[in-house]
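To start, the structure under review is shown below, and the notes come after it.
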There are 2 protein chains.
Amino acid sequence: MKILFPLVTADIALFTVQDRNLRVLMVKRANDPELGKWALPGGILNPATDADLDETAQRVLSGKTGVDVPFLEQVATFSGATRDPRGWSLSVLYYALLPSDQVHAVAGRATDAIEWRDAFAPGSRLAFDHAALIRAALATLRDKVDRAALPLHLLPARFTLTELQQTCESILGRSLDKSVFRRRLKDEPGIEQLAGEFLYGAQRPAQLYRAADGFRF
Amino acid sequence: MKILFPLVTADIALFTVQDRNLRVLMVKRANDPELGKWALPGGILNPATDADLDETAQRVLSGKTGVDVPFLEQVATFSGATRDPRGWSLSVLYYALLPSDQVHAVAGRATDAIEWRDAFAPGSRLAFDHAALIRAALATLRDKVDRAALPLHLLPARFTLTELQQTCESILGRSLDKSVFRRRLKDEPGIEQLAGEFLYGAQRPAQLYRAADGFRF
DNA sequence: TCAATAGTGTCTCTTAGACAATATTGA
DNA sequence: TCAATATTGTCTAAGAGACACTATTGA
């Protein structure tokens, strides 16, 4: 007999950038169904403790990775009788961004193997319909960046404009013109120049910036 | 005792245009909770018959209004322990568009009073959090139209460019420049001119158009 | 003819895109 | 000095916005 109530879960596509490549966090399933397959981190709603599904997502992500993200946004809801062998299921998909300098803070629980995968090629044979979920999350993220939203949550607290541009390029999958990119930032209230602070490398130092106070992606 | 499983519903914001005003369909609740208050048409998921939530939405809308719409799109999912007095609930919100010449086909069931409300002022004291749901659906719709998507599903099968422009204006809440509007349509594959067909009125007849074959909003 | 609406043309200003030029550092 | 990267400037073309103009009908 099939269950009478749908299984309600929150799944999270947690993105970060490594070596100029957009990555997504996958977890190897330690339980049936789909045992051993790779899936997005996700978990079942607990009505007793979760005030809403956003809290479910935060709780699940925190439990599976040990990190709390400042940014968690709904992508879409996937539902149906056949997407999970346990029966009628409904997943609300979220995406979140992890600053590249905090990747080390992500640690799977002893029981869970985790892996950062190329967001554009997360592998075949993923669990459930999670390949489609990743595509949807990616499309939402790319759409936002295309619309001039800046993915500052992927960067460290202090960053250079070149780093920001490369991050955008990683998401959009195409190169941007340096001049055009910077011109658009001129009247962008979301980022603030850190006067007098520079990143020193092998060549000309680069001006450092940070996200403005009330910044919302 | 609170229920252990969340109540899963699909709610639909069905829009149409009357007298150049964007309207949304409301239903007077015939049952507890919120009996007598106005709400968006919505209904509970039936896992036994609904293959997915899109089908729930279609079924519910069809049952409450008697119309099948060609266009039904997810807006967002609202959830939480407190939004419905019956307990933890989750609503997936959809929006749909009804051609203005099919408004007469909408008929509430004997038990349900229905009403078309101004989409921007649907009234106070709505049931549950449906005021917020309407705002969200409106924002999504406006956003799409702003991005050059044409709400052809709100128009009759044959329409003039002036009608199309007025429809867009109803949604955007601002007037558009005729010349700019038409210039953009020049290379829009979504609409086709009906050669030789005109709408005759009291003044100069207007060229008729229709949505192109594979048109998707 | 006029009023009313349909449809087009034109000018300006803004902005995106391409690409060149300049600036500043360590080696 | 040179190589490498940061940062700015300039030219052009496309598009948006404002607004005027022409076209076609019924009354």
Side-chain angles (χ1 to χ4, degrees), chain A residues 17 19-20 100 142-150 152 155-156 158-210, chain B residues 17 19-21 100 142-150 152 155-210:
Chain A
V17 170
D19 305 326
R20 302 193 193 178
S100 50
R142 185 175 276 193
D143 194 58
K144 280 201 88 168
V145 172
D146 237 344
R147 299 221 247 166
L150 302 172
L152 303 189
L155 295 166
R158 298 152 79 249
F159 54 86
T160 68
L161 295 189
T162 299
E163 288 168 346
L164 178 55
Q165 181 177 344
Q166 289 171 348
T167 299
C168 289
E169 289 173 338
S170 301
I171 294 168
L172 296 175
R174 61 187 169 93
S175 59
L176 302 172
D177 185 274
K178 201 172 22 170
S179 175
V180 173
F181 185 76
R182 285 160 186 253
R183 193 164 49 201
R184 263 184 24 207
L185 296 182
K186 283 287 186 243
D187 28 39
E188 166 60 57
I191 70 171
E192 286 174 358
Q193 183 173 332
L194 289 164
E197 298 192 49
F198 297 88
L199 178 69
Y200 294 90
Q203 295 82 25
R204 174 172 175 178
Q207 175 67 53
L208 283 167
Y209 293 79
R210 68 168 179 197
Chain B
V17 170
D19 305 324
R20 302 193 193 178
N21 288 114
S100 52
R142 186 174 276 193
D143 193 58
K144 278 201 89 166
V145 173
D146 237 345
R147 299 221 247 167
L150 300 172
L152 302 188
L155 294 167
R158 297 154 77 250
F159 54 86
T160 68
L161 294 189
T162 300
E163 288 168 345
L164 178 54
Q165 182 178 342
Q166 288 169 349
T167 298
C168 288
E169 289 173 338
S170 301
I171 293 168
L172 296 175
R174 62 188 168 91
S175 59
L176 302 171
D177 184 273
K178 195 172 31 167
S179 175
V180 173
F181 186 77
R182 285 161 186 252
R183 194 163 47 199
R184 263 185 24 206
L185 296 182
K186 284 286 185 242
D187 29 39
E188 167 59 56
I191 72 171
E192 286 174 358
Q193 183 174 332
L194 289 163
E197 297 191 51
F198 296 90
L199 177 68
Y200 294 90
Q203 295 83 23
R204 172 172 177 179
Q207 175 67 52
L208 283 168
Y209 293 80
R210 69 168 177 195

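Convention: sequence-line order gives letters A, B, ...; per-chain numbering from 1.
- Rounded to an integer number of Å, the gap from NZ of Lys186(A) to P of dA16(C) is 14 Å.
- In plain terms, the two heavy atoms of Val17(A) and Ser100(A) that are nearest each other are O-CB, 3.3 Å.
- The rotation axes computed at either terminus of the helix from dT1(C)-dA27(D) to dA27(C)-dT1(D) lie 10° apart, taking five pairs at each end and rounding to 10 degrees.
- For the pair Gln207(A) (side chain) and Gln193(A) (backbone), a donor-acceptor distance under 3.5 Å is absent.
- Residues of residues 192-207 of chain A that place a heavy atom closer than 4.0 Å to DNA chain D, in numerical order, are Gln203(A), Arg204(A), Pro205(A), Ala206(A), Gln207(A).
- Side-chain N or O atoms of Arg158(B) include none that pairs as donor or acceptor with a backbone N or O of Arg210(B) at under 3.5 Å.
- Atom-to-atom, CG of Leu208(A) to P of dT25(C) comes out at 14 Å; the value is rounded to the nearest Å.
- Residue Tyr209(B) comes nearest to Leu161(B) through the heavy atom pair CE1-CG, 3.3 Å, listed as atom of the first residue, atom of the second, then distance.
- With respect to Asp146(A) and Arg142(A), no salt bridge is recorded, no charged nitrogen being found less than 4.0 Å from a carboxylate O.
- At least one side-chain heavy atom of Arg147(B) sits less than 4.5 Å from a side-chain heavy atom of Asp143(A).
- Leu152(B) has its side chain within reach of Phe159(B): a pair of non-hydrogen atoms, C-beta onward, lies under 4.5 Å apart.
- The distance from atom CZ of Arg183(B) to atom P of dC21(D) is 17 Å, rounded to the nearest whole Å.
- Separating the CZ atom of Arg182(A) from the P atom of dT5(D) is a distance of 13 Å, rounded to the nearest angstrom.
- Contact check for Val145(B) versus Thr167(B): no side-chain heavy atoms found under the 4.5 Å cut-off.
- Without hydrogens or angle criteria, Asp177(B) side chain to Ser179(B) main chain gives a donor-acceptor distance under 3.5 Å.
- A heavy-atom distance below 4.0 Å to DNA chain C is reached by these residues of residues 160-180 of chain B, ordered by number: Thr162(B), Lys178(B), Ser179(B).
- For the pair Gln166(B)/Leu176(B), no side-chain contact is recorded, criterion being any heavy-atom separation below 4.5 Å from C-beta on.
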